[in-house]
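In what follows, a structure is listed as structure tokens, so that the remarks can point back to it.
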Protein chains: 2
Amino acid sequence: MSFRTIEAARAALLDQELMSTMGFSIDQLMELAGLAVAQAIYKEYPPSSAKNCLILCGPGNNGGDGLVAARHLKLFGYAPTVYYPKPTNREIFTGLTTQLRNFNVPFVSDLAPELRSCDLIVDALFGFSFKPPIRKPFDAVIESMLQAQKDKKKIIAVDIPSGWDVNEGPVAEEISDYQPDLLVSLTAPKPCAKLLKKGALHYVGGRFIEKTFAEKWNIDVPEYPGIDQCAKVD
Amino acid sequence: MSFRTIEAARAALLDQELMSTMGFSIDQLMELAGLAVAQAIYKEYPPSSAKNCLILCGPGNNGGDGLVAARHLKLFGYAPTVYYPKPTNREIFTGLTTQLRNFNVPFVSDLAPELRSCDLIVDALFGFSFKPPIRKPFDAVIESMLQAQKDKKKIIAVDIPSGWDVNEGPVAEEISDYQPDLLVSLTAPKPCAKLLKKGALHYVGGRFIEKTFAEKWNIDVPEYPGIDQCAKVD
């Protein structure tokens with residue numbers, strides 16, 4: 001647990017710098033982030049053992065990372081299904097949903113049967129900019145997701161487990177039991193990553209920064225193996 | 001050599017469909033294409049044996065793929081150098097060059113010393129929309145590149161070897177001797193890929209289409225191994 005972390009306010013500034021001074025577009029960053037999530041899932045839960053994935057997508061960029069991951073998971077041989085109850089009209093998001101529809105990835109509105117039939121649940125509801133309380137319909141979504149985890153479904157959290165406080169972790173009562181099986185931190189772990197349960201898997205993804213940039217922000221570039229876009233930490 | 005190919009006019013239509021009906025942005029497609037090129041290079045010429053890469057970038061999208069590849073090569077542990085004599089002002093291209101400058105990737109104007117010191121040359125000058133003749137300064141660039149190949153430098157061609165006729169291959173006199181060591185076809189091989197010399201390496205990259213889409217266009221989706229963005233063919 002020796003990795004350096006970055007707090008929410010600084011993570012937001014870092015993202016701003018990536019998209020201004022550093023010259024990245026949101027499309028590029030989201031593509032590499034979602035690809036990293038899909039790769040980490042493949043490494044831990046290959047499609048030969050866990051084919052059905054339910055991707056829970058929130059209204060912001062965390063949801064966008066989930067939409068990208070869903071496309072790559074489909075191309076990797078999984079059967080993903082997407083729950084995306086609050087789509088936004090920004091071009092990047094309408095593009096991502098169009099791609100998925102063309103890939104015949106189902107968008108579902110009734111979660112219960114999907115939660116029963118899936119093997120994996122990708123929690124792409126809220127990221128580091130989340131502020132409590134958890135609004136409808138996501139309060140019920142998280143509750144159902146945690147119930148499904150008790151039925152042995154694996155939960156993969158994108159960047160932070162939804163509903164967790166970025167610094168303090170699972171402090172809100174309704175998610176106090178929530179521990180993902182796999183966390184994929186993007187760019188750098190947030191402080192709450194230190195509060196993962198023992199035995200939880202932890203990857204860092206988002207291979208678009210270099211050591212000099214990382215040092216300036218007091219974070220680490222993980223040792224990415226070969227051409228991978230994600231690296232296991234801890 | 002049993003793969004199906006796609007001619008230039010249909011490849012242009014396919015790209016248009018990817019960016020309209022299919023919902024992709026140029027940023028996404030170029031990111032995945034450039035990543036595929038960098039991955040194929042890593043698989044055949046890992047940085048432990050060939051660290052110095054010279055990326056020759058043309059004025060169009062082929063050059064953009066090269067700029068993306070240069071960034072990933074840097075992150076994979078190579079020492080890339082970029083030659084990009086005719087930069088365009090489109091946002092995607094200015095973003096890509098900004099990223100590379102922030103990654104301390106040198107942009108060079110004098111090719112001769114770079115051609116002497118490099119191990120690998122990435123030919124990202126012209127893609128499938130190239131029409132002869134080869135204009136200045138690229139005629140001299142290709143001539144120097146081919147001279148360097150005689151000095152045992154490896155050439156990696158992005159999508160098609162520059163100056164080749166998309167259908168007929170190396171018919172123009174000035175490039176009649178040009179055979180790359182590695183070709184990375186993007187989305188699907190162009191007809192000239194059948195004219196690669198015996199022993200040349202051939203990959204397909206651009207993992208963003210599915211079997212149904214490929215069938216509609218009468219092309220193949222290669223068997224991508226695991227999470228790779230490129231697949232060896234032949």
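Below, read A as the first sequence line, B as the second, and so on, with proteins coming before strands; counting in each chain starts at 1. In this text the structure is predicted, and so the values were computed from the model without any measurement.
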Out of curiosity, [X] [atom1] to [Y] [atom2], how far, rounded to the nearest 0.5 Å?
X: B/N104; Y: A/K211; atom1: CG; atom2: NZ; result: 14.0 Å
X: A/E210; Y: B/R71; atom1: CD; atom2: CZ; result: 11.0 Å
X: B/F76; Y: A/Y224; atom1: CZ; atom2: OH; result: 11.0 Å

TODO: Could you look at A/I26 and say if it's the side chain, the backbone, both or neither that has a heavy atom under 4.5 Å from chain B?
DONE: neither
Open item on the list: Heavy-atom cut-off 4.5 Å, strictly under: side chain, backbone, both or neither for A/Q39 against chain B?
Closed with: both
Task: B/T21 backbone acceptor or donor facing A/N102 side chain under 3.5 Å - done: yes
- [ ] Without swapping roles, check the side chain of B/D27 against the backbone of A/S25 for a donor-acceptor pair under 3.5 Å.
- [x] no
Task: Proximity of residues 41-65 of chain B to chain A, residues having a non-hydrogen atom under 4.5 angstrom - done: B/Y42, B/K43
Please classify the contact of [X] with chain A as side chain, backbone, both or neither, using a heavy-atom distance under 4.5 Å.
X: B/L18; result: neither
X: B/L32; result: side chain
X: B/L35; result: side chain
X: B/E91; result: neither

TODO: Would you indicate whether the side-chain heavy atoms of B/I227 and A/Q229 approach each other to under 4.5 Å?
DONE: no
- [ ] Step through the shown structure and confirm whether more than 12 heavy atoms of other residues, nucleotides or ligands are within 6.0 Å of NZ on B/K154.
- [x] no
TODO: Tell me, with the steps shown, if A/F208 and B/Q99 meet side chain to side chain contact (heavy atoms under 4.5 Å, CB included).
DONE: CA-CA 9 Å; A/F208 37 63; B/Q99 292 154 34; over 6 Å; no
